[in-house]
Amino acid sequence: MPLALLALAVGAFGIGTTEFVIMGLLPEVADDLHVSIPTAGHLVSAYALGVVVGAPLLAAVTARLSRRTVLIGLMALFVAGNALSALAADYDYLLAARFLSGLPHGAFFGVGAVVATTLVAPERKARSVSLMFLGLTVANVVGVPAATLMGQHLGWRATFLAVSAIGLAAIASLALLIPHDHAHAPAVGLRRELAALKSLPVWLALGTTVAGFGALFAAYSYITPMLTDAAGFADTSVTLLLALFGVGATAGNLVGGRLADHSLRGTLFGGLVSLGAVLALFPLLMTTEWSAALAVVLLGVAAFVTGSPLQLMVMEKASAGPSLASSANQAAFNLANAGGAWIGGLALAAGFGATSPAVAGALLALLGLGVAGTVWRVDRRRAVPGRERVVAAHVPDQAAVLQP
């Protein structure tokens, strides 16, 4: 695997750290800026909104620029957003800075995934995407806990300065390691990128992402009350258990990348089935401490087995213009975050019990499996002679050819 993937992983590590660290620092931020913790929680939403808005927007406006330049520019915007967060004079300033920090998130992963797949042989595409995502999963194991401790002891502003430093290291890595083959504008322009989004399979693939990862976030958003109220863990044990989730996610990401290079559809279907099964078993697994800890690890494995297959599926369905669709898939991940948390909250508010969000997540995984099956059926129907079908070129960045 080329060293350029390391540069992408460093950027992903910084992005993953800043996305999740704020959740552990809400009390410190709220106290320093004299707002309530629920109000401080809007900082999480501001970042997610930045991702949803920035992913397709920045991918579109940079479509005619070289991908190497785009990646470096996106990381520079990331550094600026986190530096401004550290310097925020009040809550409103920080809210705006968090939105700015989220803008490059989706476009970086989207464009980075396209670059990653062009750096390797065709049979290693999924693995290359999973290695870029490795930075994101490792951030949950190492980056977020370390940054949280730093914020608790040195102040939350020190955390954002440290994340800015990671961003600067990523910029240097990208400049040094991304091949100069990517220093020229891609042949695919904005018009072709937009045209790729008109495809029904692309939207079905994006819908699979929303439902599949919505299943994860329906449960994960409420994992703390499950562990404390249902499994009986002390509050002080939750941080360690969340690190176990990160370990499972890292393992699932690596396994999913390898398996998807052999069978993309089989890995995706198997991952969604496994995710639904794990979530359906949560009410049983959350009855003892050892089985609850096992459930957290299995949740990470099952969810992130589908990460790189979902990204690659969207890119393949939009082979005529993969950068915009790939970035849109990152917006879909964040819509899954918000939507899954909302659905899990409905189950909890309805009084169905502490583990009910996991059962709701199992139903979402089943929905994701149905949407993925629809993608497969649409592909088969379009492959029948006499029907419209898409034949994708094997050369990166070349357009798909529509044959009647």
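This is a predicted model, so every value here is computed, not measured. In this chain, numbering begins with 1 at the start of the sequence shown.
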If only atom types and distance count, is the side chain of T62 paired as donor or acceptor with the main-chain N or O of L65 below 3.5 Å?
no
Could you tell me the separation between the CG atom of N253 and the CE atom of M132, rounded to the nearest 0.5 Å?
9.5 Å
Closest approach of S263 and G266, non-hydrogen atoms and distance?
OG-N, 3.1 Å
Using the side chain to side chain contact (heavy atoms under 4.5 Å, CB included) criterion, which residues pair with L367? Sequence neighbours excluded.
A211, L364, V371
Can you check whether A325's main-chain N or O pairs, donor with acceptor, with N329's side chain at less than 3.5 Å?
no
Does T18 reach the main-chain N or O of G14 with its side chain, forming a donor-acceptor pair under 3.5 Å?
no
Quick one: do R127 and V120 satisfy side-chain contact (heavy atoms from CB on, under 4.5 Å)? Show the steps, please.
CA-CA 9 Å; R127 202 177 310 178; V120 297; over 6 Å; no
Test side-chain contact (heavy atoms from CB on, under 4.5 Å) on T209 and L335; report intermediate values, then the result.
CA-CA 9 Å; T209 296; L335 287 175; over 6 Å; no
Minimum side-chain heavy-atom gap K317-L200 below 4.5 Å:
no
L312 versus T117: any side-chain heavy-atom pair under 4.5 Å?
yes
Taking the six-membered ring for Trp and the single ring otherwise, decide whether the centroids of H105 and Y47 are under 6.0 Å apart.
yes
Atom pair CG (L134) and CG (L6), whose distance is rounded to the nearest 0.5 Å
10.0 Å
Got a donor-acceptor contact below 3.5 angstrom from the T159 side chain to the A147 backbone?
yes
Mind checking whether V247 and V297 have side chains closer than 4.5 Å, heavy atoms only?
no
Which residues satisfy the side chain to side chain contact (heavy atoms under 4.5 Å, CB included) test with Q152, sequence neighbours excluded?
L25, E28, T148, L149
Who passes salt bridge (Lys or Arg N to Asp or Glu O under 4.0 Å) against D92, sequence neighbours left out?
none
Decide yes or no on salt bridge (Lys or Arg N to Asp or Glu O under 4.0 Å) for R124 and D261, but give the supporting numbers first.
CA-CA 6 Å; R124 289 174 175 259; D261 278 329; over 6 Å; no
Is the F109-F133 ring centre distance short of 6.0 angstrom?
yes
Closest heavy-atom pair, L227 versus A292, reported as atoms and distance to 0.1 Å, is CD2-CB, 4.2 Å
Verdict with supporting geometry, L241 and L244, side-chain contact (heavy atoms from CB on, under 4.5 Å):
CA-CA 5 Å; L241 291 165; L244 288 178; 3.9 Å; yes
Out of curiosity, E316 CD to K125 NZ, how far, rounded to the nearest 0.5 Å?
6.5 Å
Check for a donor-acceptor pair, side chain of S128 on one end and backbone N or O of A116 on the other, with a separation under 3.5 Å.
yes
side-chain contact (heavy atoms from CB on, under 4.5 Å) assessment of L33 paired with Y93
CA-CA 11 Å; L33 299 181; Y93 194 145; over 6 Å; no
Min side-chain heavy-atom separation R98-F160 under 4.5 Å
yes
Of the non-hydrogen atoms in A55 and S327, which two are nearest, and what is the gap between them?
CB-O, 3.2 Å
For F217, what residues pass the side chain to side chain contact (heavy atoms under 4.5 Å, CB included) criterion, not counting sequence neighbours?
F213, S221, N337
Can you confirm whether R68 sits close enough to L174 that some side-chain heavy atom of one is under 4.5 Å from a side-chain heavy atom of the other?
no
How would you list, by chain and number, every residue that makes a side-chain hydrogen bond (donor to acceptor under 3.5 Å, both in side chains) with Q330, sequence neighbours excluded?
Q311
For Y220, all residues meeting ring pair (Phe, Tyr, Trp, His ring centres under 6.0 Å), sequence neighbours excluded:
F245
Report yes if the side chains of S291 and M286 come closer than 4.5 Å at any heavy-atom pair, otherwise no.
no
Any side-chain heavy-atom pair from L84 and L100 closer than 4.5 angstrom?
yes
Are any side-chain N or O atoms of T287 and backbone N or O atoms of P283, one a donor and one an acceptor, separated by less than 3.5 Å?
no
Side chain of R67, backbone of V115: donor and acceptor closer than 3.5 Å?
no
Working to the nearest 0.5 Å, report the span between OG of S36 and NE2 of H42.
7.5 Å
From L87 atom CG to R157 atom CZ, the distance as rounded to the nearest 0.5 Å
7.5 Å
So, do L43 and Y91 sit near enough that their side-chain heavy atoms are less than 4.5 Å apart?
yes
Spatial distance of atom CD (E19) from atom CG (N140) [nearest 0.5 Å]
8.5 Å
Can you tell me if S164 uses its side chain to pair, donor with acceptor, with the backbone of A83 under 3.5 Å?
yes
For residues A215 and L275, report the shortest heavy-atom separation together with the two atoms involved.
CB-CD2, 4.0 Å
Which pair of heavy atoms, one from P104 and one from L77, lies closest together, and at what distance?
CD-CD2, 4.0 Å
Backbone N/O of A260 and side chain of T267: donor-acceptor pair under 3.5 Å:
yes
Which heavy atom in G212 sits nearest to a heavy atom in L272, and how many Å separate them?
CA-CD2, 3.9 Å
Side-chain (S101) to main-chain (G81) donor-acceptor, under 3.5 angstrom:
yes
If you measure only the distance, is there a donor-acceptor pair under 3.5 Å linking the side chains of S308 and S130?
no
